[in-house]
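Structure record follows, encoded as structure tokens.
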Amino acid sequence: MNGVQEKYEELVGKEDMLVRGVRTCEKAMSLLKDEMLYKQRGETCQDTLKEVCEWIQQREEKLRKEIFAVRWEMTVLACQFPSANKQAEESPL
């Protein structure tokens with residue numbers, strides 16, 4: 001395997017990890033809102049719960065920015081694959 005392919009596969013693994021992180025944030029947010037805010041009305045401190053949810057949302061936004069950067073880099077690397085260069089030459093556009 002060449003260096004470009006190895007780097008690409010490394011980025012695929014990183015993307016998978018980041019996507020799992022986003023899903024975890026989404027699940028955590030849903031659990032907090034459904035279980036603690038809705039079902040346990042009056043038993044929780046809403047201000048604290050809101051701060052926790054805001055932190056989770058900020059974390060999710062950070063992960064999504066990282067996903068964008070990784071996917072951008074993956075696209076740039078994909079352009080360097082030998083088969084990509086051949087396809088670009090054969091493209092009618």
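In what follows, every heavy atom counts, from backbone to side chain, and hydrogens, waters and symmetry copies are set aside. Heads up: numbering here begins at 1 and tracks the sequence.
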- Task: State, to 0.1 Å, how close Glu35 and Lys39 come at their nearest heavy-atom pair, and which atoms those are.
- Result: OE2-NZ, 3.1 Å

- CG of Leu31 to CE of Met29, rounded to nearest 0.5 Å, is 11.0 Å

- Message: Check this for me: Gln46, atom CD, are more than 12 non-hydrogen atoms of other residues, nucleotides or ligands nearer than 6.0 Å?
- Response: no

- Item | Residue pair Cys25 / Leu63: nearest heavy atoms and the distance that separates them | SG-CD1, 4.1 Å

- Note on the structure: Heavy-atom closest pair (Val70 atom, Leu11 atom, distance to 0.1 Å) is CG1-O, 3.6 Å

- Message: Test salt bridge (Lys or Arg N to Asp or Glu O under 4.0 Å) on Glu26 and Arg23; report intermediate values, then the result.
- Response: CA-CA 5 Å; Glu26 291 171 342; Arg23 288 185 184 145; 5.8 Å; no

- Query: Are Met74 and Trp72 connected in a single hydrophobic cluster, I mean Ile/Leu/Val/Met/Phe/Trp/Tyr linked by side-chain heavy atoms less than 4.5 Å apart?
  - Reply: no

- Message: Under a 4.0 Å threshold between the charged nitrogen and the carboxylate oxygen, would Glu61 count as salt-bridged to Arg64?
- Response: no

- Message: Which residues pass the side-chain hydrogen bond (donor to acceptor under 3.5 Å, both in side chains) test with Thr75, not counting sequence neighbours?
- Response: none

- Task: Could you list the residues that satisfy salt bridge (charged side-chain N to carboxylate O under 4.0 Å, His left out) with Lys50, not counting sequence neighbours?
- Result: none

- Item | Partners meeting salt bridge (charged side-chain N to carboxylate O under 4.0 Å, His left out) with Glu15 (sequence neighbours left out) | Arg71

- Item | Shared hydrophobic cluster for Val22 and Val12 (ILVMFWY, side-chain gaps under 4.5 Å) | yes

- 4.5 Å side-chain heavy-atom contact, Lys33 and Tyr38: no

- Query: With distance as the sole test, does Thr24 use its side chain to make a donor-acceptor pair with the main-chain N or O of Arg20 at under 3.5 Å?
  - Reply: yes

- Common cluster, Phe68/Val76, ILVMFWY with side-chain heavy-atom separation under 4.5 Å: yes

- Note on the structure: Smallest heavy-atom separation, Gln5 atom then Phe81 atom, equals CG-CE2, 3.7 Å

- Message: Are Val19 and Tyr8 linked, directly or through intermediate hydrophobic residues, by side-chain heavy-atom contacts shorter than 4.5 Å (ILVMFWY only)?
- Response: yes

- Task: Please round to the nearest 0.5 Å and tell me the distance separating atom CG of Asp16 and atom CD1 of Ile67.
- Result: 10.0 Å

- Query: To the nearest 0.5 Å, what is the distance between CG (Asp34) and CD (Gln40)?
  - Reply: 11.5 Å

- Query: Salt bridge or not for Glu66 and Lys14, using N-O below 4.0 Å?
  - Reply: no

